[in-house]
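Predicted model only: the values in this text are computed from it and were never measured.
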Protein chains: 2
Amino acid sequence: MSHKKSNPDPLSKFEWTIMNQIWDGSRMSAREVMEALPPEKQRAYTTIQTYLERLVGKGYLEKEKIGMVNFYGAVVSRESVVAGATNNFVNQVFAGSASRLAAYLIPNIDLNSKEIEMIRQLLDEAERGDA
Amino acid sequence: MSHKKSNPDPLSKFEWTIMNQIWDGSRMSAREVMEALPPEKQRAYTTIQTYLERLVGKGYLEKEKIGMVNFYGAVVSRESVVAGATNNFVNQVFAGSASRLAAYLIPNIDLNSKEIEMIRQLLDEAERGDA
DNA sequence: ACTCTTCTCCTACATATGTAGTATAATAGC
DNA sequence: GCTATTATACTACATATGTAGGAGAAGAGT
């Protein structure tokens, strides 16, 4: 199998911010998204609306009007978008070598012992080739 | 220690392409950069020039004119830029959790046994707290 | 019914990014 | 010395991204 259905246009910085809210929650209105944003990411209400509409245009969200209000829900899974973005990032920054990224990452982040255990676990599985 | 000297403006996609060439090599002219680019990244000669100049403007490159020709060299280390970009990326896409990124990464990339060993090694060191 | 609030829809605009053309200067070959 | 090549400096322009204002509809409170 190798037909990787490619996602829509890549997400821009603030588009990620919006999408993260909706993926964390579910179907949300502009107001709800706005209220869920942390203080440093607050924007004008109509700015949120603009992004929501652009994301519909790009095929990331669908809109459903209930009464007077539009609700927006994700139509692409976070997983697939994250996968695509990670790939792009690795290509851009680590010249395609994900293991180079891993090698960079591990010593440079704070991992607690539980996380370290978890990663060991994953490595074991990767080694055995469990999918 | 906590004064992280923040890099200039973030690099855009094609700016990364250019910077990677220069980091891979060293001081290069526009023509040299152009010739070093893989076929799918070929652009008009003046496009390369434009990027080089923008990168000087952003503080990533310095320009030295030798005879008629400008040569461009990096003034920020690849490491620091990669570090910054990785941070931004992790924040954007993995909501700040690098271990979540690791958890995503490990099962999703092909690691050969040498790389797996290397990462185990790194985990051991991280655990012991060797800097 | 009138007013305040809160939506939606549409429009606008600055800055960033991708992409390259033109005019002009220097140089290398005949 | 004239011509072809190649480099620089400057200008241009489309699309993307960040950001938001205004007009007008709908509903809430009195």
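For A:K63, the side chain to side chain donor-acceptor pair (under 3.5 Å) partners two or more places apart in sequence, or in a different chain, are A:E53. Every residue two or more places apart in sequence or in another chain was checked for a side chain to side chain donor-acceptor pair (under 3.5 Å) with A:R31, and none qualifies. With sequence neighbours excluded, no residue satisfies side chain to side chain donor-acceptor pair (under 3.5 Å) with A:K41. Residues passing the salt bridge (Lys or Arg N to Asp or Glu O under 4.0 Å) test with B:D9: none are found, sequence neighbours excluded. In this structure B:E64 satisfies the side chain to side chain contact (heavy atoms under 4.5 Å, CB included) test together with B:R27, B:I66, sequence neighbours excluded. A search for side chain to side chain contact (heavy atoms under 4.5 Å, CB included) contacts involving B:Q42 returns B:M34, B:L37, not counting sequence neighbours. Scored by the side chain to side chain donor-acceptor pair (under 3.5 Å) test, B:N88 finds no partners at all (sequence neighbours excluded). For A:A83, the side chain to side chain contact (heavy atoms under 4.5 Å, CB included) criterion is met by B:Y104, not counting sequence neighbours.
The backbone N or O of B:V82 sits less than 3.5 Å from a side-chain atom of B:T86, completing a donor-acceptor pair.
Residue B:K63 places none of its side-chain N or O atoms closer than 4.0 Å to OP1 or OP2 of D:dA7. Phosphate proximity of C:dT19 to B:Y45: absent, as no side-chain N or O sits under 4.0 Å from OP1 or OP2.
For DNA chain C, none of the residues of residues 33-40 of chain B falls under the heavy-atom distance limit of 4.0 Å.
The CD1-C1' distance, from A:I18 to D:dT17, rounds to 13 Å in whole Å. Atoms CG (A:L55) and P (D:dT17) sit 11 Å apart, rounded to a whole Å. Going from atom CG of B:L11 over to atom P of C:dA16 covers 14 Å, rounded to whole Å. Between the CD1 atom of B:I48 and the P atom of C:dT17 there is a distance of 17 Å, given to the nearest Å. Summarising the geometry, the separation between CE on A:M19 and P on D:dT17 is reported as 15 Å, rounded to the nearest angstrom. In this structure, CD of B:E53 is placed 14 Å from C1' of D:dT11, rounded to the nearest angstrom. Going from atom CE of B:M28 over to atom P of D:dA7 covers 13 Å, rounded to whole Å.
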Polar atoms only, N or O, under 3.5 Å: list the protein pairs with nucleotides 23-27 of chain C and their distances.
none

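Taking a cutoff of 4.0 Å between a charged side-chain nitrogen and a carboxylate oxygen, B:E117 and B:K114 do not qualify as a salt bridge.
The salt bridge (Lys or Arg N to Asp or Glu O under 4.0 Å) analysis of residues 71-86 of chain A, with sequence neighbours excluded, yields the pairs A:D24-A:R78.
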Base versus backbone protein contacts along nucleotides 18-24 of chain D [heavy-atom cut-off under 4.0 Å; B, S, -]:
BBBBB--
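Contacts of B:D9 with the nucleic acid, taken as non-hydrogen atoms under 4.0 Å apart, are absent.
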